*Asks:* 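Here it is: the structure, laid out below.
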Amino acid sequence: MSVTKDDVLAKLRSVKGPDLEGNIVDLGLVSEIFIADDKVYFSLTVPAARAQELEPLREAAERATKTIPGVKGAMVALTASREPGSAAPAPRPAPAPQRAAHSHAPAQPGQPQGKPKTDVPGITTIIAVASGKGGVGKSTTAVNLALGLQATGLKVGVLDADIYGPSMPRLLGISGRPEQLEGRMLKPMENYGLKVMSMGFLVEEDTPMIWRGPMVMSALNQMLREVAWGELDVLVVDMPPGTGDAQLTMAQNVPLAGAVIVSTPQDLALIDARKGLNMFNKVNVPVLGIVENMSYFICPDCGGRHDIFGHGGARDEAARIKVPFLGEVPLAMPIRETSDAGRPVVATAPDGPHAKVYLEIAAKVRARLEELSGDGARVMPEIVFE
């Protein structure tokens, strides 16, 4: 029997509100309830000043939801509301790291100071693949970069951080649901030797995710920290396009070793790419380099080269802002066809010319990471939303 919203609300009426007065439903704390594949998602809106102390309330609501017959899982977020002009709420403490945290690097002059980011147990290095806008081939670049890093001998995983438009299930040809392990942990999916986690494994491909920022941030933290990644040398995070909640969540809570920016050559894409570059600079995350995707088109019939979106814009931008230019990826039918088929070109045609481009990019990224590894860890600034 399918779970309904009424079933969830009835169960949540058994959860006492703050200070054991009333229940969380009648007090109006429960947001719109979203149900997909018998998994339940909602948030609790609580006073900002009490957000930290009411974490047990969130846990109680989640436990109660999981006891409903037919419910396979639940994800509950705390949403802290505050009046305009009031102080920002204290953030919920991040899960305690299970290995030594990074040491603090000296703050640079003019740089915001903040608290150290906590490690993700078992993962040595985390990098983000980002773009200022959608449609530039960022996810295809991310998956082939991950496979390229794996080809250099590293153990690699991929986190699909695009809650609204997850791509990794299709790009890697993975279907099914992650296995629930002991406690809240999920076993990552796997193909081509990559460990993978994506919201696309938890809901159907055509199910819209109508979530606000707090639930997106909660989901990202759970997919990162409540997944049994095992020992990984590198976790590649495929970021959603833009500079919104997801990017700020990752930059604020995760010790990113660096970011790869993907852009196409034309000016409109580069304008948005600059926003991504500036965001990572402001949150003290090094830019590992820029990739120019769809850089040129080779006609399969005549062999002629055509610069459909212009050419060299990303290279020029990298030179202007003094960050590495990682390479040019052509607009090529084999890349599109293998991506749509869940057979990425680096995994299925590693000796071909298109895989060679990604492998060279991966080698440059690895070299850049090794260059930066002696710089010590960075501290994160406090990001306050007014």
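Along the sequence shown, residues carry numbers from 1. In this text, all values refer to a predicted model and were calculated from it rather than measured experimentally.
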*Asks:* Given side-chain contact (heavy atoms from CB on, under 4.5 Å), test Val234 with Ile126 step by step and report yes or no.
*Replies:* CA-CA 6 Å; Val234 179; Ile126 303 175; over 6 Å; no
*Asks:* Is it true that the side chains of Asn293 and Thr264 contain a donor and an acceptor less than 3.5 Å apart?
*Replies:* no
*Asks:* Leu29 and Pro18: which non-hydrogen atoms are nearest, and at how many Å?
*Replies:* CD1-CD, 3.7 Å
*Asks:* Would you indicate whether the side-chain heavy atoms of Val196 and Asn191 approach each other to under 4.5 Å?
*Replies:* no
*Asks:* Could you state whether Val254 and Met185 fall into the same hydrophobic cluster, counting links through intermediate Ile, Leu, Val, Met, Phe, Trp or Tyr residues with side-chain heavy atoms under 4.5 angstrom apart?
*Replies:* no
*Asks:* According to salt bridge (Lys or Arg N to Asp or Glu O under 4.0 Å), does anything in residues 338-351 pair up with another residue at least two apart or in another chain? List the pairs.
*Replies:* Arg336-Asp340
*Asks:* Using side-chain contact (heavy atoms from CB on, under 4.5 Å), reason through Val76 and Leu44 one step at a time and then give a plain yes or no.
*Replies:* CA-CA 7 Å; Val76 181; Leu44 300 177; 4.1 Å; yes
*Asks:* In Å and rounded to the nearest 0.5 Å, what is the CZ to CG distance from Phe325 to Asp316?
*Replies:* 9.0 Å
*Asks:* How many angstroms lie between CD1 in Ile33 and CD1 in Ile35, if you round to the nearest 0.5 Å?
*Replies:* 6.5 Å
*Asks:* Would you please name every residue forming a side-chain hydrogen bond (donor to acceptor under 3.5 Å, both in side chains) with Ser14, sequence neighbours left out?
*Replies:* none
*Asks:* What is the distance from atom CD1 of Ile261 to atom CE of Met239, rounded to the nearest 0.5 Å?
*Replies:* 9.0 Å
*Asks:* For Thr140 and Tyr358, which heavy atoms make the closest approach, and how far apart are they?
*Replies:* CG2-OH, 3.9 Å
*Asks:* Restricting to salt bridge (Lys or Arg N to Asp or Glu O under 4.0 Å), what partner residues turn up for Arg13, sequence neighbours left out?
*Replies:* Asp26
*Asks:* Could you check if a side-chain atom of Asp7 sits within less than 4.5 angstrom of a side-chain atom of Lys5, using non-hydrogen atoms only?
*Replies:* no
*Asks:* Can you tell if the side chain of Lys66 reaches within under 4.5 Å of the side chain of Arg63, non-hydrogen atoms only?
*Replies:* no
*Asks:* What's the separation between atom CD1 in Ile290 and atom CD in Glu328, rounded to the nearest 0.5 Å?
*Replies:* 12.5 Å
*Asks:* Using a 4.5 Å cut-off on heavy atoms from C-beta on, say whether the side chain of Val120 contacts that of Leu235.
*Replies:* no
*Asks:* Within a 6.0 Å radius of atom NZ on Lys187, are there more than 12 heavy atoms belonging to other residues, nucleotides or ligands?
*Replies:* no
*Asks:* Over all heavy atoms of both residues, which pair between Trp229 and Met223 is shortest? Give the atoms and the distance, please.
*Replies:* CZ2-O, 3.7 Å
*Asks:* When rounded to the nearest 0.5 angstrom, what is the spacing between CG in Leu288 and CD1 in Ile127?
*Replies:* 6.0 Å
*Asks:* Quick one: closest heavy-atom pair of Ile361 and Gly327, and the distance?
*Replies:* CG1-CA, 4.2 Å
*Asks:* Got a list of side-chain donor-acceptor pairs under 3.5 Å for residues 147-161, not counting sequence neighbours?
*Replies:*
from	atom 1	to	atom 2	distance (Å)
Gln150	NE2	Tyr192	O	3.2
Gln150	NE2	Gly193	O	3.0
Thr152	OG1	Leu149	O	2.6
Thr152	OG1	Arg366	NH1	3.0
Asp160	OD1	Asp162	N	3.3
Asp160	OD2	Ser167	N	2.8
Asp160	OD2	Met168	N	3.0
Asp160	OD2	Ser198	OG	3.1

*Asks:* Check whether any side-chain heavy atom of Thr67 sits under 4.5 Å from a side-chain heavy atom of Lys11, and report yes or no.
*Replies:* yes
*Asks:* Check the hydrophobic clustering (I, L, V, M, F, W, Y; side-chain heavy atoms under 4.5 Å; chains of links allowed) and say if Ile68 and Val15 are grouped together.
*Replies:* yes
*Asks:* Restricting to pairs with a member in residues 226-235, which pass salt bridge (Lys or Arg N to Asp or Glu O under 4.0 Å), not counting sequence neighbours?
*Replies:* Arg184-Glu226
*Asks:* Residues sharing Met333's hydrophobic cluster, by side-chain heavy-atom contacts under 4.5 Å among ILVMFWY, directly or via others?
*Replies:* none
